[in-house]
Visitor: 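Shown below is the structure under consideration.
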Amino acid sequence: MTRTFSLTSDGLSTYIGYALYSSDEIALVSPWISDITVKLPVNNEFDDRRMLLSEAVRKLEGKTHVNVLIRAGEEHNNYIRGELAETVQVHSIDDLHAKCVVAPEHVYTGSANITRGGLHINRELCQINENPYDSVSEYLREELTLYY
């Protein structure tokens with residue numbers, strides 16, 4: 001049985017923090033990505049659970065493998081490319097319009113770009129579903145025909 005629930009777009013930063021902290025692998029898919037503030041779940045590792053995406057990725061380096069899929073040729077993405085840890089694999093895709101955050105257990109899909117506007121300004125439609133493939137790469141292959 002598939003379970004789904006809605007998520008306000010400003011809740012996406014909490015979801016991304018949760019997925020980064022609790023998953024072995026994660027894919028952030030958005031035509032435009034900014035160095036947004038994410039909120040990690042309650043834990044004993046970090047004094048401050050709110051931090052920039054780039055900082056969270058660096059602090060979780062070795063624990064969570066991160067792939068970032070962005071639209072090719074977009075200058076907006078140059079900043080985040082420079083801020084992400086070298087271990088993050090960034091893939092540029094010519095016709096990317098999809099927005100999702102994929103973890104092995106669950107997938108956020110919606111209309112919100114992973115930007116401040118997408119999370120805090122625009123009215124967006126977002127939901128989280130169980131990942132029927134239990135795999136980040138298989139979900140991207142089967143649902144978006146993305147191979148990396």
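Residue numbers count from 1 along this sequence.
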Visitor: Take Thr64 and Tyr21, measure what side chain to side chain contact (heavy atoms under 4.5 Å, CB included) needs, and give me the verdict at the end.
Guide: CA-CA 7 Å; Thr64 305; Tyr21 187 78; over 6 Å; no
Visitor: Under 4.5 Å between any side-chain heavy atoms of Leu20 and Val57, yes or no?
Guide: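 Yes, close enough: below the 4.5 Å cut-off.
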Visitor: Name all pairs fulfilling the salt bridge (charged side-chain N to carboxylate O under 4.0 Å, His left out) condition that reach into residues 24-51, sequence neighbours left out, sorted by first residue then second.
Guide: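 Matches after skipping sequence neighbours: none remain.
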Visitor: Out of curiosity, does Leu53 fall in the hydrophobic cluster containing Phe46 (side-chain heavy atoms, cut-off under 4.5 Å, transitive links)?
Guide: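 As far as the 4.5 Å side-chain criterion goes, Leu53 and Phe46 are connected within one cluster.
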Visitor: Run the numbers on Ile128 and Val107 for side chain to side chain contact (heavy atoms under 4.5 Å, CB included), then give the verdict.
Guide: CA-CA 5 Å; Ile128 296 175; Val107 179; over 6 Å; no
Visitor: Angle class for the Tyr18/His106 ring planes (parallel below 30°, perpendicular above 60°, tilted otherwise)?
Guide: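 The rings of Tyr18 and His106 sit tilted, inter-plane angle from 30° to 60°.
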Visitor: Same cluster for Leu52 and Ile26 if Ile/Leu/Val/Met/Phe/Trp/Tyr side chains link at under 4.5 Å?
Guide: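 Different clusters: Leu52 never reaches Ile26 through Ile, Leu, Val, Met, Phe, Trp or Tyr contacts under 4.5 Å.
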Visitor: Look only at the side chain of Ser30 and the backbone of Ile33, and say whether a donor-acceptor pair between them is shorter than 3.5 Å.
Guide: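 It does not hold such a pair.
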Visitor: Find out whether Ile114 and Lys99 are in side-chain contact, i.e. whether some heavy atom of one side chain is under 4.5 Å from a heavy atom of the other.
Guide: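 Not in contact.
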Visitor: Spell out, as yes or no, whether a donor-acceptor pair under 3.5 Å connects the side chain of Ser111 to the backbone of Leu125.
Guide: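 Checking the backbone N and O of Leu125 against the side chain of Ser111, a donor-acceptor pair under 3.5 Å is found.
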Visitor: Which is it for Val66 and Gln89 under the side chain to side chain contact (heavy atoms under 4.5 Å, CB included) test, yes or no, and what are the steps along the way?
Guide: CA-CA 7 Å; Val66 180; Gln89 294 182 337; over 6 Å; no
Visitor: Look up atom CG in Asn129 and atom CD in Glu105, then write down how far apart they are to the nearest 0.5 Å.
Guide: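 Answer for the CG-CD pair, Asn129 versus Glu105, is 14.0 Å.
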Visitor: Can a side-chain donor-acceptor contact be found between Ser34 and His76 if the only test is distance below 3.5 angstrom?
Guide: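 The answer is yes; a qualifying pair exists.
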Visitor: For residues 78-86, dump all side-chain donor-acceptor pairs below 3.5 Å to protein atoms at least two apart in sequence or in another chain.
Guide:
| from | atom 1 | to | atom 2 | distance (Å) |
| --- | --- | --- | --- | --- |
| Arg81 | NH2 | Ser92 | OG | 2.3 |

Visitor: Would you name the heavy atoms of Ile70 and Pro31 that are closest together and state the gap between them?
Guide: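 Closest pair (atom of Ile70, atom of Pro31, distance): CB-O, 4.1 Å.
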Visitor: Anything under 30° is parallel, anything over 60° is perpendicular, the rest tilted; go ahead and classify Tyr15 against Tyr108.
Guide: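 Because their plane-to-plane angle lies in the 30° to 60° range, the rings of Tyr15 and Tyr108 count as tilted.
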Visitor: Do His91 and Asn67 touch side chain to side chain, with heavy atoms closer than 4.5 Å?
Guide: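 Contact flag for His91/Asn67 side chains = yes.
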Visitor: Any non-hydrogen side-chain atom of Pro104 less than 4.5 Å from a side-chain atom of Ser23?
Guide: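 In short, these two side chains touch, coming nearer than 4.5 Å.
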Visitor: Tell me the salt bridge (charged side-chain N to carboxylate O under 4.0 Å, His left out) pairs involving residues 57-66, sequence neighbours left out?
Guide: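 Passing the test, one end in residues 57-66: Glu55-Lys59.
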Visitor: Using a 4.5 Å cut-off on heavy atoms from C-beta on, say whether the side chain of Asn131 contacts that of Val102.
Guide: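 Touching, per the 4.5 Å side-chain cut-off.
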Visitor: Any link between Ile36 and Val90 through a network of hydrophobic side chains (Ile, Leu, Val, Met, Phe, Trp, Tyr) touching at under 4.5 Å?
Guide: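 Per the 4.5 Å side-chain linkage, Ile36 and Val90 are co-clustered.
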Visitor: Apply side chain to side chain contact (heavy atoms under 4.5 Å, CB included) to residues Arg141 and Leu146 and explain how you reach the verdict.
Guide: CA-CA 5 Å; Arg141 245 189 335 268; Leu146 294 173; over 6 Å; no
Visitor: In the single-linkage hydrophobic clustering (I, L, V, M, F, W, Y; side-chain heavy atoms under 4.5 Å), do Leu69 and Leu144 co-cluster?
Guide: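 Yes, Leu69 and Leu144 fall within the same hydrophobic cluster.
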Visitor: Which heavy-atom pair separates Val38 from Ala56 by the least distance, and what is that distance?
Guide: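 Heavy-atom minimum between the residues: CG2-CB, 3.8 Å.
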Visitor: Minimum heavy-atom separation for Gly17 to Leu40, with atom names?
Guide: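 Heavy atoms only, the tightest pair is O-CD2, 3.4 Å.
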